[in-house]
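Here is how names work: the chains are called A, B, and so on, in the same order as the sequence lines, proteins then strands, and each is numbered from 1.
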Amino acid sequence: MASAPRMSKYSIFSLVRNALAYHEGWEQVWRSPEPKPEYDVIIVGGGGHGLATAFYLAKEHGITNVAVIEKGWLGGGNTGRNTTIIRSNYLWDESAGIYEKSLQLYEGLSQELNFNIMLSQRGVLNLAHNLHDMRELERRVNANRLNGIDSEILSTAEIQDFIPIINTSPKSRYPILGGSLQRRGGTARHDAIAWGFARGADQRGVDIIQQCEVTGIRQSRGKVTGVETTKGLIKAKTVGVVVAGHSSVLAGMAGFRLTVNSYPLQALVSEPIKPVLDTVVMSNAVHVYVSQSDKGELVIGAGIDGCHGYTQRGSLHVIEGQLGALCELFPIFSRLRMMRQWGGIVDTCPDASPIIGKTPVGGLYFNCGWGTGGFKATPGSGWAFAHTLANGEPHPLNAPFTLDRFTTGKLIDEHGAAAVAH
Amino acid sequence: MSQVNRLPDGGRIDRDQSLAFTFNGRRLTGYAGDTVASALLANGVRIVGRSFKYHRPRGIVGAGPEEPNALLQLETGGRALPNQQATRVELYDGLSADSVNCWPGPDFDLMSGIGLFHRLTPAGFYYKTFMWPASFWKYYEHVIRRAAGLGRAPTAPDPDHYDKMNAHCDVLVVGGGPAGLAAAAAAAASGARVILADDQPELGGRLLSERAEIDGGPAMDWAAAAEAAIAGTEDAIVLKRTTAFGYYDHNFVGLIEQRGAILPDGGDRSRQRIWRVRAKQVVLATGAIERPLIFADNDRPGVMLAGAVRSYVNRYGVAPGKRVAVFTNNDDAYRTALDLADAGVAVAVAAVVDVRHDPSGDLVTQAMARGIEIVDGAAVTGVQGSRGVRGIEVMGLNEAGDGVTGAARDIECDVICSSGGWNPAIHLHSHAGGKATFDAERGIFLPGETLQAATSAGAAAGTFDLAGCVDGGAEAGKAAAAQAGYKKSPRRKNPKIATEDEAPLRLIWTVPTTAPTGRRGKHFLDQAHDVTAADVQLAAREGYRSIEHAKRYTTLGMAPDQGKTGNIPGMAVLGQALGVDNVGDVGTTTFRPPFTPVTLGALAGRDVGPLMDPVRMTPIHHWHELAGCTWEDVGQWKRPWYYPKDGEDMHTAVSRECKAVRDAVGILDASTLGKIDIQGPDAAEFLNRVYTNAWTKLGNGRCRYGLMLGEDGMIMDDGVTTRLADDHFVMTTTTGNAASVLEWLEEWLQTEWPELKVFCTSVTEQWANATICGPRARDLLAECTDIALDAESFPFMSMQDATVAGIPARIFRISFTGELSYEINVPASCGLSLWTALINAGDKYGITPYGTETMHVLRAEKGYIIVGQETDGTTTPQDLGMDWIVSAKKDFIGRRSFAREDNQRDDRKQLVGLLTDDPSTVLPEGAQITETRLERPPPGSTVPMIGHVTSSYHSPNLGRSFALALVKRGRERIGENVYLPLDGGVARAEVTGPVFVDPEGSRIDG
Amino acid sequence: MLLIPCPFCGEREESEFHQGGEAHIERPKNPDKLSDAEWADYLFLRDNKKGLYLERWVHRHGCRRWFNVARDTATNEIKTVYKMGAKPPRGLTKGRAK
Amino acid sequence: MVDPYLRQSPLAHLHLDARAANDADLVGAGLRLSERAHLGMINVRGVAADPAFAPAFKKATGVELPTAANTTAGKADGVHAIWLGPDEWLVITPPGREHALADKLRAATKALHAAVTVTGEARTVIRVAGANARDAIAKGCPLDLHPRVFGPGQCGQTILGRADMLIHQTALDRKSGAPSYDVFVLRSFAEYAWTWLEDAGREYGVQVVAAKG
Ligand SMILES: Cc1cc2nc3c(=O)[nH]c(=O)nc-3n(C[C@H](O)[C@H](O)[C@H](O)COP(=O)(O)OP(=O)(O)OC[C@H]3O[C@@H](n4cnc5c(N)ncnc54)[C@H](O)[C@@H]3O)c2cc1C
Ligand SMILES: NC(=O)c1ccc[n+]([C@@H]2O[C@H](COP(=O)([O-])OP(=O)(O)OC[C@H]3O[C@@H](n4cnc5c(N)ncnc54)[C@H](O)[C@@H]3O)[C@@H](O)[C@H]2O)c1
Ligand SMILES: Cc1cc2nc3c(=O)[nH]c(=O)nc-3n(C[C@H](O)[C@H](O)[C@H](O)COP(=O)(O)O)c2cc1C
Ligand SMILES: [Zn+2]
């Protein structure tokens, strides 16, 4: 099948070589092919998860006759609008398994993709402001460590040492009682994840078809046969749907319902400033989290908006609330300014865990429900979903995350660990 | 005179008020009415900073929110303000400003060497490198981080405060230029409630910068009259220095007002105020933003926007240079040439370079008449002078506009006024989902369909002539008022405004030079982020073809100015690189709030410090405080955690309190418990449905414990409910869930069971609750009341009305500690009286106030659960061994879920007790449990867990530690050992039943 | 920032309300007769529609009444509100995500 | 009946009387605050559509049942009724009269589906008056309090800062013509609400005035 179109590698040497040629020799990161009538596998949704799935299908399973179909521009969904926090310190074994796999993949991803994703393992600190928080953190840290995940408790004094600008005054309304730190956690450059996976998948022959919306899911005798799109019918016997906030819309096309609800989740950035914050700081109790990007902006988020929505924007009062909390935690941020705010559409599950696997329709698989926290899972989710699509059965890492768990009751309740978005 | 560029007269500055300020330590002066930018220009300062990536010298470009370069650090310490646009900061006496992103200063910047490597650092170069060796990225990152960022954060907490104002109006007009003034005046005249907001210190908009005339006089006279008329109408609010920063759903608009006399210091007032405006109708008269022509080295200090130069000349009395060239594709820029030519001898117009052949509008004719040289059909192909413009190279432009012809000619000049036309400021229109349509003739986006009740007027709507702006504004204002219900509008006469005939512009998106773009000089699109046309072309070449990809790959438009000048040219450059026919098809990136950056502290408002969140206080709160308790935050409540006596640590205090309750009597403030009054003939049936157990047969005056589940079968809340009469119950809930349980009950009543005749009313705060508890509780109570207290007259789980210490009370004999206990409820206002009466009377029994920690120890000794501690949203009554409370005879919320497969698993976690081998080891709550002795594994490998510790304390009554835990198959394991890998090694514990004290319940009656 | 017309109190700011999810999900009369899958359907499966969406709100900081709202989740336009127990107004019927 | 000396309003510890005495000669304060402590309050639930309900209510209280949304009936310094919702009202009485009135209400509605609950202990009332009363409240209340929309006798349950509030515009101030409001808050939030209002009023000048009951 379609052999790798180009294979030029990125390196300091290629940069110098191209500089001498006025950068006119660079190849396309990905092609813009017209869809073929049929593929072995179609992936609907060109976000990080969809592209990672395509990449691992090609790389790990040798399946390259694959199309990724994206209605807008690749990476333009939640992948392009998240606050880039990466960590694996989840409570339950099932979650720990898949998120830790993901973090491990992240750790080698720049090299694997030959695309610098700027993984910055600067540590993620979760704050506790009351005894209940403290207990929950302690429980999670203990569970993490038995699951082989680095995690530690910091005292208030240690937090102050670690982050000199944080307000640990016992007089604040909700004083900081302690925190948990995952040092391997951090951030990565979100766009680079999408672009790196896209480039890697494209190099292995995957067709990435942008500006092409899936409008229907064709089935025959309970099995999927293809998808209708704004560029016509495209056939495939295996279809993986990875459309995050739009999952219910796609499920509706296929004739079933999901357990997800779509909400706006907002984030904002401050104007860029010189480095003041070297760690990701999150607080459930006062509802805010913040990190500083390599470019200098503070990247700030909180919980989801109060009502369903597909508008990709949210309500100002949510932002107002989160900034009250932020200025309490970091009084020196009060005079900095918000430069831009935006929203994404997150698909939340009742137990704050994802759904990755089979659906009532044969050959049709869904990967959704990552809600406020799936960026960190991107490589792991793609890796496991690729396995699922390639084998028709889930990998043990994603086997617990079935849609069926809502029938059996075997939920994986990660509300505590999922936190205020992340 | 030090202000070398100050014109001898003119401008709206107050020359009698001289203001001293410093720039990078240099002492300078300006006048009241100046901005920092105009004052710097007046003083001949050209280089104000260094560019983001290449550290090129940069000067002032604009005169308003479009400014990409002049971002200054204002003041220091706690009052520091980074990244302030010099064009928007009003000058004040003593102002101190510094350049950002350069060291030691903008004139000589050590980092400027970076520029030499510019060829190695095109857009996105970092994605392609810094990957080897893998472990080195963190060092590279460190360097990148230090190099990035602009200004510096303050170094101390903000000394200022901020506030907010909610406001409502019929018509909100954003922008106080001619269109906005006309709109607001028309709307106000109709009787509508009007808010007019403008971000400048004076109303007038562009009129402040122009020499326009209305009705034969200066246009600003007309503006002043309009302002007076608006301000004179009842209910109109005119807000200056107020920026509409975001337009949200349902006509909600956020404004930010600068209130302090000077920007960095609010004085006594809030420094800034957020106005949260809900308008019936909005008129957007936000004007237009000029865009530059994109030519080689168009970032040299001295290259400015033509309209901005007009502002400096007319508004601030400053000529930014001595010999000024104009480079334009339209007629409007000729106004700059004319105004400069009229400004006096101090400044000369070198030439107007026009990309059009034979330009012909009225203004062109005037310029010719003034003897200004016009070089038509020409392009600026190069700029001389790297630290400031010294001259330009001009060549002919070919027919297609993509190449140059003829011989190069140099023109000496020190300022270049560049104009590529004006873009309507459609930002606000777009924030809340409004569409934009492309006008290919003029190369601009116009406001299209909107989801909001809004109209755009004036330049914001693409009307560029003054008469049209005034007229369109008035029409829009009138129509908006009519939409809001104010139909009558007084007749108005259109003011007389002469309109010059202007010829169409010629769209040249990148001005060609003698070499392909990027090979000779740099064509900057986004000066703030150092993004060039070549960068965008590279993005296109590499496949980042969507405007959104190109934006993110090059960072075009992502700086604090959000691409106000560069985005549209950037879009066009991309369109041309992709070869699309209509560059408008490329589309814009999404406009997002805020229009200009908004202070985080202002968005937080007054919800910081002591007002960050209410502290809920019980009626006895201040007694506890005087008693020196430590507090526990429970939701918004403060509850006494424990009461340390002099020198006591927590452990000693809690032990003392625990002993007192088991040996004598303790007293607890339980006022925070939720209390819900439930009345109606169907009240018992209702309880049957919301609780797991049965309620119909509960006798009057009797109490019963209940568990409430979610429909998923998991425990949600618990509490004791008492029957006061056949049709009257009072329910208690946990402190944290008081509000949510009431809402839950209402939800079921209102949405699912409207046929039930039941009313619920919260009485949580109606009652104060002092709970006395311990073997001497009866003796104590007997001293304060007349009712019979023996176990027969007042049995466990019953309630009586009585008088306690003279106060009418409801006494509940229920117990959360296993001891004889009376929960005495009195009207809240009497809570403190009751408490002090009991404390006084209890003195001889050794009464001891105890806090939540002791309460937790005591209840755990009895194996009583706490929702949220022994449960975590995945716990069923059966898991806790509470099958006894689950009725098999009736349906209730959550019951059906028990039958599901996962609830039938035999390895579910069950509540048990744990006793460590070492009685002094208090296990950490949250410790995980293993079946066999296993150390904590090295990272990367795992150890199977079978449960975790939910509660763990030292018990003075047991003389040892104990714990409750949820353990897989826990009840089967009673008597076996389990292990807990901890920080200091592995602890071993025996699994026991969950009840440690008085399993027979013999203490309950005292 | 929605402006929600409470059918009882009139137009009020979104922050006074709480959204309670999809409307018209009736509790099954006889849960025991349902299969686990049917029960899961009632408990968890939702239309989560993009476009016209029927949802329940409670005026939490106002009159504390629950009511229904027909809102377009793609634009946030509120078409109408109606009381609990009332059928959705004509033309605004419940349906799958589109 | 409880002796009054036993009772403490939720703001008692702020010693407002002393502050009022202190502020007595203050002129020009734009915001005047006082606590109307210990007002009697009765929460009444009933079915407005039941034709017997409004008459029963009137009979017991002497006040017309306000059935229009956001309205009140009766005199703000005597017995009055505040609309809380379609089936919920708050009856306000002068201090000490609530139990007797509640009994009357219970008797009058005995045959109806109604619930009568004394709830005055759960709240306190802060009277907010002065030329800037509306401005101060508007800093944290999303309701439109403009006189064209919200006049004397009107009420609303809404938010003040981060607390719930029931606001009732009692009258126009005789001196200034400015509206005066009764702000009802739960007693646990009383100190927050008071502090919040004082803080909001700082720029206008705040005068603590003695309560008139
Ligand atoms: C503000 C915000 C902050 C967040 N912060 C974090 C964080 O800090 N850490 C973290 O781990 N996670 C975070 N998340 C969550 C994270 O962003 C997502 O879970 C993750 O990016 C989901 O990736 P995805 O590839 O599944 O979805 P997306 O990136 O949303 O991709 C789905 C794609 O499907 C496409 N699509 C939809 N419908 C169709 C159709 N009919 N046809 C074709 N294509 C279609 C969409 O256009 C989209 O591109 C955050 C989310 C948001 C919104
Ligand atoms: N001939 C041309 O090419 C041309 C082009 C554009 C404009 N003009 C002239 O400019 C004038 C346009 O009049 P107008 O009233 O439409 O606009 P204006 O530019 O005169 O006034 C707009 C006002 O709105 C303010 N503003 C913008 N955004 C704001 C926000 N978000 N919040 C608060 N204030 C904001 C601006 O500071 C300004 O004061 C006319 O005189 C017109 O002739 C001419
Ligand atoms: C981690 C992160 C950092 C961002 N930093 C910036 C920034 O520095 N400047 C900027 O204008 N936008 C920044 N954005 C916001 C984007 O411009 C954009 O708003 C976001 O990707 C959502 O897309 P949309 O606004 O086009 O819908 C950032 C976004 C993310 C996710
Ligand atoms: Zn209401």
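- Most heavy-atom pairs under 4.5 Å with chain B, from the set A:Arg340, A:Glu271, A:Lys410: that is A:Arg340.
- If you measure heavy-atom distances from A:Ser172 to chain B, you find no contacts under 4.5 Å at all.
- A salt bridge is absent between A:Asp150 and A:Arg183; no separation between the charged side-chain nitrogens and carboxylate oxygens falls under 4.0 Å.
- With a threshold of 4.5 angstrom between heavy atoms, A:Arg189 approaches chain B through side-chain atoms but not through N, CA, C or O.
- Proximity to chain B is limited to the side chain of A:His132, based on heavy atoms less than 4.5 angstrom apart.
- Only the backbone of A:Leu277 has a heavy atom closer than 4.5 Å to any heavy atom of chain B.
- Among the candidates A:Pro272, A:Ala192, A:Cys327, A:Pro175, the residue making the largest number of heavy-atom pairs closer than 4.5 Å to chain B is A:Pro272.
- In this view, B:Tyr126 and A:Met118, B:Phe130, B:Thr555 satisfy the side chain to side chain contact (heavy atoms under 4.5 Å, CB included) rule, not counting sequence neighbours.
- Under 4.0 Å is where a charged nitrogen must lie from a carboxylate oxygen, and between B:Glu548 and B:Arg552 at least one such pair does.
- Ranked by heavy-atom pairs under 4.5 Å with chain B, the list A:Phe13, A:Trp195, A:Trp342 is led by A:Trp195.
- The greatest number of non-hydrogen atom pairs below 4.5 Å with chain B, out of A:Arg184, A:Glu138, A:Gln312, is found for A:Glu138.
- Comparing A:Leu113, A:Ile300, A:Asn142 by how many heavy-atom pairs each has under 4.5 Å with chain B, the most go to A:Asn142.
- Qualifying side chain to side chain contact (heavy atoms under 4.5 Å, CB included) partners for A:Val318, counting only residues two or more places apart in sequence or in other chains: A:Gln266, A:Asp305, A:Ser315, A:Gln322.
- The existence of a salt bridge linking B:Asp158 and B:Arg271 is excluded, since no basic side-chain nitrogen approaches an acidic carboxylate oxygen closer than 4.0 Å.
- A centroid separation of less than 6.0 Å is found between the aromatic rings of A:Trp30 and B:His549.
- With a 4.5 Å cut-off on non-hydrogen atoms, A:Ser14 does not touch chain B at all.
- Each of A:Asn130, A:Leu316, A:Leu177, A:Leu15 has some count of heavy-atom pairs under 4.5 Å with chain B, and the biggest count is that of A:Leu316.
- Neither the backbone nor the side chain of A:Ser151 comes within contact range of chain B; no heavy atom of the residue lies under 4.5 Å from a heavy atom of that chain.
- Within the 6.0 Å centre-distance limit, the rings of B:Phe52 and B:His529 are counted as a close aromatic pair.
- In this structure, a donor-acceptor pair under 3.5 Å is absent between the side chains of B:Glu901 and A:Thr408.
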